[in-house]
Amino acid sequence: MTKPPVINTIFNEIVDATWLSRPSPTIALELLGCTLVRQLPNGEQIRGMIVETEAYMAGDPACHAYSKPTPRNAVMFGPAGMSYVYLIYGMYHCFNVVTDVEGVASAVLIRALELSVFPDSLPQNLSLGSKSDRHIKKPLKKDQLARLAAGPGKLCRVLQIDRTLTDLPLHFNQPLWLEHRTPTFQQAVNSGKIEFVQTTRIGITKGTDLPWRWYIADCPAVSRLSF
DNA sequence: AAGACGATCGTT
DNA sequence: ACGATCGTCTTT
């Protein structure tokens with residue numbers, strides 16, 4: 001018996017560029033509960049639900065595109081639905097979804113994921129438990145697994161996202177794409193079982209008054225409750 | 001050419 | 001509270 005070909009067995013609707021062509025604060029809120037999918041060159045998928053976001057846009061002093069287009073930030077001035085990945089503090093990457101119409105520089109920083117499909121292996125001294133204990137190193141405890149992608153730098157590490165993935169279209173079968181909320185998730189929102197929290201953004205020194213950070217309440221994968 | 005700084009994270 | 005670490009942007 002031969003192995004079947006890899007198919008997408010999860011049928012969430014794919015997020016398209018039109019849906020993302022709205023102001024970044026709107027998208028930042030609506031991306032909560034959506035799924036970020038990373039597909040590696042070998043076809044392996046890593047998946048996580050978006051649980052924390054921040055919006056950045058033109059006229060916002062904290063936005064990388066505040067002053068003028070540069071080689072790094074140019075993609076933010078273009079159409080929605082592209083990736084914007086940059087290196088921060090010389091050692092971490094951050095992943096953004098470009099939003100709004102062409103000419104309006106804006107993006108949503110994905111700050112944390114609750115992983116639903118874990119990678120086969122983890123970088124460096126980290127290690128997954130079970131699955132025949134992989135190759136023993138130091139199996140992570142349950143609460144550590146839950147926080148593996150609790151932060152913008154951490155989620156890029158676990159999803160193997162670096163600057164080679166900037167300026168790419170977020171389409172199915174590309175290295176990265178987005179899927180909409182499941183009906184189950186949306187029903188939980190409608191019935192009040194899941195709540196969203198809005199706060200000011202964290203880790204910045206300018207634009208600290210703008211309340212453009214959102215996260216899902218009571219979610220262990222959220223990076224921090226406040227700053 | 002040189003310097004300042006940063007949408008972070010893990011340790012002290 | 002602090003340091004690691006380096007690409008990017010600003011200033012000389």
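Each chain gets a letter, A, B and so on, in the order its sequence line appears, and its residues count up from 1. None of the values given here were measured: they were computed from a predicted structure.
- Base contact: A:Gly90 has a heavy atom under 4.0 Å from a base atom.
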Test side-chain contact (heavy atoms from CB on, under 4.5 Å) on A:Cys94 and A:His64 and set out the steps.
CA-CA 12 Å; A:Cys94 289; A:His64 285 176; over 6 Å; no

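- The side chain of A:Arg224 places no N or O atom within less than 4.0 Å of a non-bridging phosphate oxygen (OP1 or OP2) of B:dA7.
- Here A:Thr70 lies in heavy-atom contact (under 4.0 Å) with sugar-phosphate atoms only.
- Side-chain N or O atoms of A:Glu114 include none that pairs as donor or acceptor with a backbone N or O of A:Cys219 at under 3.5 Å.
- Using a 4.0 Å heavy-atom distance criterion, A:Leu109 is classed as a base contact.
- In this structure, A:Tyr84 atom OH and B:dG6 atom P are separated by 14 Å, rounded to whole Å.
- A:Arg147 places its CZ atom 10 Å from the P atom of B:dC9, with the value rounded to the nearest Å.
- A:Met57 comes within 4.0 angstrom of nothing in the nucleic acid, heavy atoms only.
- Distances shown here put a side-chain N or O of A:Arg157 below 4.0 Å from the OP1 or OP2 atom of B:dG10.
- A:Lys154 places its NZ atom 11 Å from the C1' atom of B:dT8, with the value rounded to the nearest Å.
- If you measure from atom CE of A:Met91 to atom P of B:dT11, you get 13 Å, rounded to the nearest angstrom.
- Going from atom CG of A:Leu155 over to atom C1' of B:dA7 covers 12 Å, rounded to whole Å.
- The listed nucleotides are C:dC9, B:dA7, C:dG7; the one nearest the side chain of A:Arg163 is C:dG7.
- Under 3.5 Å, the side chain of A:Tyr86 and the base of B:dA7 form at least one donor-acceptor pair of N or O atoms.
- Side-chain atoms of A:Arg47 do not come within 3.5 Å of backbone N or O of A:Thr35 as any donor-acceptor pair.
- What separates CG of A:Asn96 from C1' of B:dG6 is a distance of 14 Å, to the nearest Å.
- If you take CG of A:Leu210 and P of B:dA7, they are 14 Å apart, rounded to a whole angstrom.
- In the set C:dC9, B:dC9, B:dG6, B:dG6 carries the atom at the smallest distance from any side-chain atom of A:Ile88.
- Rounded to the nearest 0.5 angstrom, A:Leu148 CG and A:Arg157 CZ are separated by 6.5 Å.
- Across all strands shown, C:dT5 has no partner, as no Watson-Crick or G-U wobble contact with both distances under 3.5 Å is found.
- Atom CG of A:Asp218 is surrounded by 12 or fewer heavy atoms from other residues, nucleotides or ligands within 6.0 Å.
- The nucleotide whose nearest atom lies closest to any side-chain atom of A:Pro71 is, among C:dC9, B:dG10, B:dT8, C:dC9.
- Remark: P of B:dC9 and CG of A:Leu87 are 13 Å apart, rounded to the nearest angstrom.
- The CD1 atom of A:Ile46 lies 10.5 Å from the CZ atom of A:Phe118; values are rounded to the nearest 0.5 Å.
- When distances are taken from the side chain of A:Thr205 to each of B:dA7, B:dG6, C:dG7, the shortest belongs to B:dG6.
- For A:Tyr92, the listed nucleotide lying nearest its side chain is B:dT8; candidates were C:dG7, B:dA7, B:dT8.
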